[in-house]
Protein chains: 2
Amino acid sequence: MNKGNILVIDDEPQMQKLLEITLHSHGYGVRLAENARTGLALAADHPPDLVLLDIGLPDEDGHAVLLQLREWYTNPVIVLSVQSSEEDIIRSLDLGANDYLTKPFRTGELLARIRSALRTANVQDQEPITRYGDLEIDLAARMVKKGTEVIKLTSTEYALLALFVKHEGKVLTHPYLLREVWGPGYISQSQYLRVFIAQLRKKIESDPNRPMYIVTESGIGYRFIGKE
Amino acid sequence: MNKGNILVIDDEPQMQKLLEITLHSHGYGVRLAENARTGLALAADHPPDLVLLDIGLPDEDGHAVLLQLREWYTNPVIVLSVQSSEEDIIRSLDLGANDYLTKPFRTGELLARIRSALRTANVQDQEPITRYGDLEIDLAARMVKKGTEVIKLTSTEYALLALFVKHEGKVLTHPYLLREVWGPGYISQSQYLRVFIAQLRKKIESDPNRPMYIVTESGIGYRFIGKE
DNA sequence: CCAGATTATAAAGAAATTGTAAAGACGCAT
DNA sequence: ATGCGTCTTTACAATTTCTTTATAATCTGG
């Protein structure tokens, strides 16, 4: 249950440890950087969902890091600082920080501010629509389109198709499909499979007699073909 | 040089004056409300780009205001409060506040936080009315119109419809709908759903026998169709 | 190419799910 | 208390989906 990945840029070992433990125990992935240089490198390497940035870094001013980060990074940045001068706060916020918290902070408040920042930026909101030729599958909305028209699938048909999409290109054996879709008690009911495969093909294939998406592997099972 | 319109919901006359002068001199349009009721009414009437909300209001708890506001309002809300208990902060942020500032605050910081909030939340002219074909739903006013006539919905019917509208296009499962509308104890009462779906359709569908808006996904749940 | 095995398809009957009406229960305001 | 509107429950009808059967088509190995 990963709620998102957070990059912590802070040089104090105690703070690192505290943040790592706190964030990790609340379901976030954590990555640590102890100076500006590695922080920027890590951010560029695997862009995190949120950055916690200490302003007092050994090698470079935190504001400079923020400035460089904001040249391309659009997810939330929360600044942590031992200072609390108004000037510093304003400068950080105007350089693109989403929030500013003074050290020492209350961990509950930090977590709430992280939730708030992630929520409003609705990070990780990319719709997982998969496209295969003229077929369009939106797992989140549980919707399948062929060209422009929406295809109505029963829950069993959908379960079957979802399984195929999850293992695109691989051969799925009869027993495997039967167990996953119908349950362990139906492993020998291969006739079900034939009936439902036929129904699925009738709905998603342009020419059900010459299936492009769901191909038969005689004696073994079926395979879903996404692209050539 | 209007940088955006801000709604201030605060009952202290001094604070009102301070905010109005400060915000106005920095190029924001300001609207004042001295209690929860007028605050919500003003927000619904002319949705502002940002709301400054005092938690200590005379007529209603600020958190309740936040909750109601967030049923439809998506632009930033910054909470101002004389309290600074961690509990209060967390609660506000988790109810949908974008930021929390303790009174007395430094005006420079407030302005910076307002700039930050307006910058990151791509503020939009929020038309509180959503239209789907001949259906018109005003989440802020809790009003539903079909063509020109206002439709009277019970609170349960409204909760159901609001849920559908918020997740337009997605399949909402029976357990999900039951949990969200009736509570976790009703997950198995799918008959409720059938009865209320039927009632809703009778009210919003032109031909309840061939529903256009609320379609059945047999074995799974229902889906609200906004556009083709 | 043939024979046996496997797979495809249609269609009917069975089962499960969903739709609808209506009666009773409950709470709230008058 | 009374009436009204809403919620809850019940009974049954309508629809959809699943299961089963029958038969045709296709594949595989010799």
Side-chain angles (χ1 to χ4, degrees), chain A residues 142 144 150-164 171-183 185-224, chain B residues 142 144 150-164 171-183 185-224:
Chain A
R142 219 191 159 88
V144 179
V150 175
I151 295 181
K152 206 157 181 301
L153 296 179
T154 72
S155 55
T156 308
E157 289 160 2
Y158 181 85
L160 203 52
L161 180 60
L163 209 54
F164 276 123
V171 177
L172 304 182
T173 64
H174 301 157
Y176 175 80
L177 288 165
L178 286 160
R179 181 157 36 79
E180 291 296 315
V181 176
W182 283 271
Y186 292 72
I187 293 189
S188 52
Q189 298 286 325
S190 37
Q191 178 56 19
Y192 278 21
L193 215 39
R194 290 189 204 105
V195 171
F196 278 84
I197 291 286
Q199 279 177 2
L200 247 186
R201 281 175 174 158
K202 201 153 41 170
K203 289 184 181 179
I204 68 171
E205 297 282 2
S206 300
D207 180 2
N209 290 342
R210 305 180 135 277
M212 288 170 52
Y213 295 118
I214 301 174
V215 301
T216 303
E217 299 286 343
S218 201
I220 306 161
Y222 298 90
R223 180 205 303 274
F224 185 82
Chain B
R142 290 181 148 264
V144 179
V150 175
I151 294 180
K152 199 163 181 305
L153 296 179
T154 72
S155 60
T156 308
E157 288 161 3
Y158 177 83
L160 203 51
L161 181 60
L163 210 53
F164 276 123
V171 173
L172 305 183
T173 64
H174 301 154
Y176 175 80
L177 289 165
L178 287 161
R179 180 157 36 77
E180 290 296 316
V181 175
W182 283 272
Y186 291 72
I187 292 189
S188 52
Q189 298 288 324
S190 36
Q191 178 57 19
Y192 278 23
L193 217 38
R194 285 182 214 114
V195 172
F196 279 82
I197 290 286
Q199 281 177 2
L200 247 186
R201 280 176 174 158
K202 206 152 34 171
K203 290 184 180 180
I204 69 171
E205 297 282 1
S206 300
D207 179 2
N209 289 344
R210 303 180 143 278
M212 289 171 50
Y213 295 118
I214 300 175
V215 302
T216 302
E217 298 287 340
S218 205
I220 304 153
Y222 297 89
R223 182 204 302 274
F224 185 84

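Every value quoted in this text rests on a predicted model; they were computed, and no experiment measured them. Chain A is the first sequence line, chain B the second, and so forth, proteins listed ahead of strands; every chain is numbered from 1.
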Novice: Using whole Å, report how far CD of B:Q189 lies from P of D:dT9.
Specialist: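 Nearest whole value for this atom pair: 6 Å.
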
Novice: Output the rounded distance in Å from CZ (A:R210) to P (D:dT26).
Specialist: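 The answer, rounded to whole Å, is 10 Å.
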
Novice: Has A:R142 got its NZ or CZ under 6.0 Å from the middle of the six-membered ring of A:Y158, at an angle within 45 degrees of the ring axis?
Specialist: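 Satisfied, under 6.0 Å and within 45°.
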
Novice: Can you give one letter per nucleotide of nucleotides 16-30 of chain C, going 5' to 3': B for a protein heavy atom under 4.0 Å from the base, S for sugar-phosphate only, - for none?
Specialist: -SBBBS---------

Novice: To 10°, what angle do the rotation axes through the five end pairs on each side of the helix from C:dC1-D:dG30 to C:dT30-D:dA1 form?
Specialist: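 Taking the rotation axis at each end, their angle is 40°.
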
Novice: Whole angstrom is fine here: how far is it from OH in A:Y158 over to P in D:dT17?
Specialist: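 So the two atoms are 15 Å apart, to the nearest Å.
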
Novice: Would you mind writing out the side-chain donor-acceptor pairs for residues 206-215 of chain A within the sub-3.5 Å range, not counting sequence neighbours?
Specialist:
unit_1, atom_1, unit_2, atom_2, d
A:S206, OG, A:K146, NZ, 3.3
A:D207, OD1, A:N209, N, 3.1
A:Y213, OH, A:Y132, O, 2.9
A:Y213, OH, A:D134, N, 3.3
A:Y213, OH, A:D134, OD1, 2.5

Novice: Could I get the full list of side chain to side chain contact (heavy atoms under 4.5 Å, CB included) partners for A:T156, not counting sequence neighbours?
Specialist: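 A:T156 satisfies side chain to side chain contact (heavy atoms under 4.5 Å, CB included) with A:T154, A:V181, A:W182, A:F196 only.
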
Novice: Residues in side chain to side chain donor-acceptor pair (under 3.5 Å) with B:Y192, at least two apart?
Specialist: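 By the side chain to side chain donor-acceptor pair (under 3.5 Å) rule, B:Y192 matches no residue at all.
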
Novice: Give a yes/no on whether any side-chain N or O of A:W182 is located under 4.0 angstrom from OP1 or OP2 of D:dT19.
Specialist: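 Checking D:dT19 against A:W182, a side-chain N or O does come within under 4.0 Å of OP1 or OP2.
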
Novice: Below 4.5 Å, heavy atoms only, C-beta onward: do A:S190 and A:R194 meet side chain to side chain?
Specialist: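 A side-chain contact under 4.5 Å exists here.
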
Novice: So, OP1 or OP2 of D:dT16: does either fall under 4.0 Å of a side-chain N or O from A:K152?
Specialist: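 Answer no for this pair, as no side-chain N or O of A:K152 is under 4.0 Å from OP1 or OP2.
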
Novice: Under 4.0 Å between a side-chain N/O of B:T154 and OP1 or OP2 of D:dC7, yes or no?
Specialist: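 It does, given that an N or O in the side chain of B:T154 lies less than 4.0 Å from OP1 or OP2 of D:dC7.
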
Novice: Could you work out, with side chain to side chain donor-acceptor pair (under 3.5 Å) as the rule, every residue matching A:E217, not counting sequence neighbours?
Specialist: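 A:R223.
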
Novice: Please verify the inter-ring angle class for A:F164 with A:Y222; under 30° counts as parallel, over 60° as perpendicular, anything in between as tilted.
Specialist: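 Ring orientation, 0 to 90° scale: perpendicular.
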
Novice: Any idea which of D:dT19, D:dC7, D:dT9 is nearest the B:T156 side chain?
Specialist: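 Of D:dT19, D:dC7, D:dT9, D:dC7 is nearest to the side chain of B:T156.
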
